[in-house]
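Take a look at the structure below.
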Protein chains: 2
Amino acid sequence: MPDSSLSPLPEATGPGRVANRSLSVTDQIRDAILDGTVSAGERINEVRFSKTLEVSRTPVRAALQALAGEGLLDYAPNRGFTVREFPLSAIVDAYEIRASLEGVAARFAAERGLSAEERAIIEESLVAGDKLLARGEFAEGDLTIYRGINGDFHDTLLGAARNRMLAEMIRICHHVPMSSSRNIVAFEHRDVRRRHDDHHRIYDAIMAREPWRAEVLMREHVSGVKSSLVKSLIERGEQADIVHGSAAG
Amino acid sequence: MPDSSLSPLPEATGPGRVANRSLSVTDQIRDAILDGTVSAGERINEVRFSKTLEVSRTPVRAALQALAGEGLLDYAPNRGFTVREFPLSAIVDAYEIRASLEGVAARFAAERGLSAEERAIIEESLVAGDKLLARGEFAEGDLTIYRGINGDFHDTLLGAARNRMLAEMIRICHHVPMSSSRNIVAFEHRDVRRRHDDHHRIYDAIMAREPWRAEVLMREHVSGVKSSLVKSLIERGEQADIVHGSAAG
DNA sequence: TCGGATTTAATTGTATTCACTTTGCTGCGG
DNA sequence: CCGCAGCAAAGTGAATACAATTAAATCCGA
């Protein structure tokens, strides 16, 4: 099967122009993995990809190595790269790890303090969320909007932690297939309301300069997302017995 | 200056034979970074490395990309790779992150349980540590031995967590320059005694299947190493004011 | 017909070459 | 003396060619 939906470069990509082919190819292959165009466990053929993307093997190999560094691919010498499989247990674990890491990030942010810009962005995200949730139910597309609001909140806080390693690790957690924020789609208004309230409390703790409280709250917050996911998966009847530990948190 | 102490391959490396040049080169460059042969902030010249290591640029580039994935190098398009700098604050933060991650690992281990082998290795590490510490003071080389014991304990527990992403992230924390276990060298007998007692308690919590207790204990344990490091750095008069937050933990 | 060794194709690893970008220098003009 | 334009050198990015390894298929021999 000749990888469908994997098109060549759309030429010089807009104003934020593309730096080089390797990076562009990296993004394309990553997307292909995350949206399932190439399936898990599959072995990646370098020449096939280079033909599909209309580049040589060199940038393809660079991209594959980068993606292996991100944990999306496995590498075996002389046998190339394979798409890593993420069983449900690994996905749930990724939430747990992210909860812990974002907790640390919240603590750091509370210790280090926020810039004026950061405060502005977060406060705007809180207001926007309140407004969106005020009606008591979602209209079409509201969840997509909230996803942006949610992203602003978390990204800004992460930036305020002022630690790159932490940011990169959390980013990796986000890139675990299924674990990304797009899954919020499945959630109820009540769940989102509750999580947005979490945001308020976390921000309060940070502004009050209470690092450990901020950490605990953030941790519980992210862990709550995990619980919601597990719950919704169970309700959908998927095999959830793979999940270790106490799913209820 | 033509990179000293960076020698070409010593040919087919023993029984665990080298898979390919890229991996070998990766190890060599990583070592060169960690032991300071190439200094922090320095920009890496691909052709120079390829000449020194007597390989083409191709495996060198592969190695550099891999090391960038590990967070040891920075990459900028069309400007190549530079050795990433780790200010003291980043090193201290790395301990904090590791404390959090290893805490999660301990919790997972307590939830999932240990195999017979794992129990054996850990119990042996505990006994060996007790024996080594019984005399009340260290002989020459004892600290090196204890470093091995310490490694066995942590590595085995990490394996018992049965999560690869977690393992990789903790490994990255260990590879932060200065943050590696080799720095234990500076510590007193009393500190090591205390930390070995931590190991006992952590193992107890895990065997008692008390996940959260295991997590808290492990976290405090690793955090204690950080505190010792910070303390010893302050005593040595190094500029420790870079450190954010409460160093005492 | 099955097992195994050998050969052949496919795929990855490495080297080399060429193209493009960046950077530093040189010289001209102000 | 300073600044800027253009040019030259160095370095990275990508493509192609070649080598080595692995996987598959074929061809025996029992």
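Chain identifiers are assigned alphabetically (A, B, ...) following the order of the sequence lines, protein sequences preceding nucleic acid strands; residue numbering begins at 1 within each chain. Only a predicted model underlies this, so the values are computations on that prediction, with no experimental measurement involved.
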### Query
Between B/N20 and D/dA20, does any side-chain N or O lie under 4.0 Å from OP1 or OP2?
no
### Query
So what does A/I44 touch, heavy atoms closer than 4.0 Å: a base, only the sugar-phosphate, or nothing?
sugar-phosphate
### Message
Side chains of A/S100 and B/S100: any donor to acceptor distance under 3.5 Å?
### Response
yes
### Query
Given atom CD of A/E46 and atom C1' of D/dT21, what is their separation to the nearest angstrom?
13 Å
#### Entry: Distance, nearest 0.5 Å, that separates CD1 of A/I121 from CG of A/L157
11.0 Å
### Query
Under 4.0 Å between a side-chain N/O of A/S56 and OP1 or OP2 of D/dA15, yes or no?
yes
### Message
Checking the side chain of B/E118 only, and the main-chain atoms of B/S115 only, is there a donor and an acceptor separated by less than 3.5 Å?
### Response
yes
#### Entry: All ring-ring contact (aromatic ring centres under 6.0 Å, His included) counterparts of A/Y75, not counting sequence neighbours
A/F81
### Message
Just the rounded figure in Å: distance from C1' of D/dT12 to CG of B/L64.
### Response
11 Å
### Query
Between D/dT16 and A/T58, is there an OP1 or OP2 to side-chain N/O distance shorter than 4.0 Å?
no
### Message
Is the distance between the ring centroids of A/H174 and A/H154 under 6.0 Å?
### Response
no
### Task
Using only side-chain N and O atoms of A/N78, determine if any of them is under 4.0 Å from OP1 or OP2 of C/dT12.
no
### Query
Would you say C/dT11 has OP1 or OP2 under 4.0 Å from some side-chain N or O of A/R48?
no
### Task
Give the rounded distance in Å between these two atoms: CG of A/N45 and C1' of D/dT22.
13 Å
### Task
Considering just the side-chain nitrogens and oxygens of A/R61, establish if one lies under 4.0 Å of OP1 or OP2 belonging to C/dG13.
yes
### Task
Looking at every strand, decide which applies to B/F81 at a 4.0 Å heavy-atom threshold: base, sugar-phosphate, or nothing.
nothing
### Query
For the pair made of CZ in A/R21 and C1' in D/dT16, what is the distance, rounded to whole Å?
14 Å
### Query
Taking CZ from B/F49 and P from C/dA15, how many angstroms apart are they, rounded to a whole number?
16 Å
### Message
Assuming nearest nucleotide by heavy-atom distance, tell me which of A/P59 and A/P77 is located more 5' along DNA chain D.
### Response
A/P59
### Message
Nearest whole Å is fine: how far is C/dT22 C1' from B/R43 CZ?
### Response
8 Å
## Note on the structure
From OH of A/Y75 across to P of C/dT11 the rounded distance in Å is 16 Å
### Task
Can you check whether any acceptor in the base of D/dG13 is under 3.5 Å from a donor in the side chain of B/R79, or vice versa?
no
### Query
Which part of the nucleic acid does B/L23 contact within heavy-atom distance under 4.0 Å: base, sugar-phosphate only, or nothing?
nothing
### Message
Looking at B/R57, I'd like to know whether one of its side-chain N or O atoms comes within less than 4.0 Å of OP1 or OP2 on D/dA14.
### Response
no
